[in-house]
Amino acid sequence: MISAQAWADTRLLWDYHQMGHTLRPCSVAIGLGSHDLGVADTAVDLYKRGMAPLLVFTGATSPTTRERMPRGEAVHYQERALELGVPSSAVLVEPRARNTGENIRFSRELLEEAGVEVSSVLLISKPYEERRAYGTARKLWPEVEVVSASTPMTLDQYVDSIGDARLVIDMLVGALQRLMIYPEQGFMISQPVPADVREAYERLCQAGFTSRLLTTDTPSA
């Protein structure tokens, strides 16, 4: 059983991870690879709403996506976009990135090679990765304006979509740890963490929601 306190703490983390940016048209939309095809669906929706004239999908494979997306996350995202009616001319694929930093760096390189002028980027990620994506892009691509977006959903809806509440809490805890330690390692900008969010994180760690925490042996970025 997950206690009422743990759920309350989880909601604090969920709300903090989302940036609440107002969507506006940008030079390009970048869909960050993951296990969640909803990122591609949201990218397509934003494209059709005129929020970006070009989509970039970025991502190789990981232990969590290798079976579901054997051709690579970006390729599966591309295939989904084409199925939903996006013309192939409006989609670029970056198939090498294995973490958020590489998502940003390799997408930037791809766009430069394609001669695309970029002044603003619409970053599309999983709901609990909005702040991490924003912080990473601001560090690695500081000259562009960054707007973070994800599939609009509540925490309860996201838990239902994953089907494993404990895993979702573990992921939220792990994402917050990275927000706190990655700036010191040069991977992203520093963002203030409110005291109540930090306290919620500490209680969740103490309650055992730690499977996604980094250790000294865990690959970074």
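If you chain together ILVMFWY residues whose side-chain heavy atoms come under 4.5 Å of each other, L140 ends up grouped with M19, V28, I30, L32, L54, V56, L92, I104, L110, L111, V116, V118, V121, L123, Y134, W141, V144, V146, I189.
In this structure T10 satisfies the side-chain hydrogen bond (donor to acceptor under 3.5 Å, both in side chains) test with no other residue, sequence neighbours excluded. Applying the salt bridge (Lys or Arg N to Asp or Glu O under 4.0 Å) rule to D15 yields no partners; only residues at least two apart in sequence or on another chain are considered.
Judged purely by atom type and a 3.5 angstrom limit, Q78 has no side-chain atom pairing as donor or acceptor with the backbone of V91.
Between Y158 and W14, the two ring planes are tilted [angle within 30° to 60°].
Side-chain contact between T136 and K139 is absent, with no heavy atoms from C-beta onward closer than 4.5 Å. In this structure the side chain of E73 never reaches within 4.5 angstrom of the side chain of V39, judged on heavy atoms. Within the 4.5 Å cutoff, side-chain heavy atoms of L155 are placed close to those of W7. When side chains are defined from C-beta on, P127 counts as touching Q18, because their heavy atoms get closer than 4.5 Å.
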> Does the pair S120 and R24 meet the rule for a side chain to side chain contact (heavy atoms under 4.5 Å, CB included), with working shown?
Replying inline: CA-CA 10 Å; S120 55; R24 70 167 188 80; 3.6 Å; yes

Quiz: residues 197-205 side-chain donor-acceptor pairs under 3.5 angstrom, not counting sequence neighbours:
| from | atom 1 | to | atom 2 | distance (Å) |
| --- | --- | --- | --- | --- |
| R203 | NE | D9 | OD1 | 3.3 |
| R203 | NE | D9 | OD2 | 2.9 |
| R203 | NH2 | D9 | OD1 | 2.7 |

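For the side-chain hydrogen bond (donor to acceptor under 3.5 Å, both in side chains) condition, the pairs that include at least one residue of residues 103-115, sequence neighbours left out, are T58-N103, R108-E112, R108-E143. Among pairs with a residue in residues 38-80, those fulfilling ring-ring contact (aromatic ring centres under 6.0 Å, His included) read F57-Y77, at least two apart in sequence or across chains.
For E117, the CD atom counts as loosely surrounded, since its 6.0 Å shell holds 12 or fewer non-hydrogen atoms of other residues, nucleotides or ligands.
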